[in-house]
Amino acid sequence: MAAGVGEAVREAFRGVEPPAVSSVLSAPELPSLPRRAVRYPATTVVGPVEAQAARTPDAPALVLADGETVDYRELNASANRLARALAARGARPGAVVGLAGLRRPAELLTALLAVVKSGAAYLPLDPADTPGRRERLLAENAPVCVLGEGVPGALAGLETDGELPTDPPRALTPQHLLCVGYGPGGRPTAVRLTHGEADRRVRELQAAHPLGPGDRVLHLGLPLWEYLWPLRTGAAVVLADPWQEGELGTLVRESGVTAVRVAPGVLLGG
């Protein structure tokens with residue numbers, strides 16, 4: 001997108017009349033949500049996504065900037081094939097797969113879902129990181145492979161022809177890691193998020209800001225695992241194309257966005 005994303009977000013909403021866009025969900029709401037009296041049964045974050053794909057296979061799951069849509073059946077099948085190819089490389093519960101940038105946003109979301117389906121945790125890798133920092137992250141986590149571009153040794157894709165499109169088996173529990181994240185700069189300190197904790201956060205978000213079929217959610221500046229929230233509710237994720245110059249307001253209007261989930265740094269940025 002063009003520079004000045006924060007201003008673009010604000011301008012986008014000046015140009016959209018309610019109730020077209022129902023909510024702007026700022027990331028600080030997540031840690032500040034109160035602990036609820038209800039105790040959610042522990043589960044993984046991927047099971048509900050697969051269950052939703054089975055319920056609404058023909059519903060749009062992804063909406064791309066050019067207007068193309070990917071339905072739940074297609075997204076789930078593509079991720080299943082890639083998950084099985086990853087499993088052949090050692091991706092499983094307890095293992096780690098690196099995720100770097102991919103040129104098409106839909107490919108990144110498919111790769112994310114595939115890693116989670118394999119049972120492995122994902123390690124976000126920034127191609128802009130210094131080689132020394134990136135080498136430390138790779139050495140500390142020993143990923144079985146890296147998917148993406150811009151990182152030495154990364155694979156832009158895996159051969160999935162012949163792989164089954166069905167949900168792969170996995171001995172995954174809520175205690176297994178979903179992702180390993182690091183803050184920017186300096187000596188990195190890992191933040192390890194389990195499936196159970198991510199599932200709890202997503203359920204609290206859903207209780208506070210319900211999403212469902214018909215919703216189209218634009219995510220900006222957020223951790224990858226949050227993209228799984230709309231996909232377990234029957235909503236569609238709207239994907240901006242970072243390689244295309246354009247007005248964010250146009251994407252909001254033309255894609256029928258009903259909610260935006262945005263990091264505070266994006267709104268505060270110039």
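Residue numbers count from 1 along this sequence.
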Inset, instruction - Before giving the answer on side chain to side chain donor-acceptor pair (under 3.5 Å), spell out for Q52 and T56 the whole-Å C-alpha distance, their side-chain angles and the decisive distance to 0.1 Å. - result: CA-CA 6 Å; Q52 186 63 51; T56 58; 3.0 Å; yes
Inset, instruction - Any chance you could lay out the side chain to side chain donor-acceptor pair (under 3.5 Å) test for T130 and R136, step after step, and finish with the verdict? - result: CA-CA 10 Å; T130 62; R136 286 198 301 271; 5.9 Å; no
Inset, instruction - Evaluate side chain to side chain contact (heavy atoms under 4.5 Å, CB included) for T194 paired with Q175, printing each intermediate quantity in order. - result: CA-CA 6 Å; T194 66; Q175 288 70 47; 5.8 Å; no
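Remark: the backbone N or O of A111 is not paired with any side-chain donor or acceptor of Y122 at under 3.5 angstrom. A side-chain donor-acceptor contact under 3.5 Å links N80 to the backbone of P165. Under a 3.5 Å cut-off, the side chain of R170 and the backbone N or O of P168 do form a donor-acceptor pair.
Atom CG of L178 and atom OG1 of T44 lie 9.5 Å apart (nearest 0.5 Å). Here the straight-line distance linking atom CG of D199 with atom CD of E197 works out to 9.5 Å at 0.5 Å rounding. To the nearest 0.5 Å, the span separating CG on L113 from CG on L108 amounts to 11.5 Å.
Side chains of Y182 and N141: a donor on one and an acceptor on the other come within 3.5 Å.
Using a 4.5 Å heavy-atom threshold, the side chains of V45 and V116 count as touching.
Between R201 and E226, no side-chain nitrogen of the basic residue sits less than 4.0 Å from a carboxylate oxygen of the acidic one, so the salt-bridge criterion is not met. Between R104 and D66, no side-chain nitrogen of the basic residue sits less than 4.0 Å from a carboxylate oxygen of the acidic one, so the salt-bridge criterion is not met.
No more than 12 heavy atoms of other residues, nucleotides or ligands shown are found within 6.0 angstrom of CZ on R89.
Minimum heavy-atom separation, L82 to T110: CD2-O, 4.3 Å. The minimum heavy-atom distance between L211 and Q206, with the atom names listed, is O-NE2, 2.8 Å.
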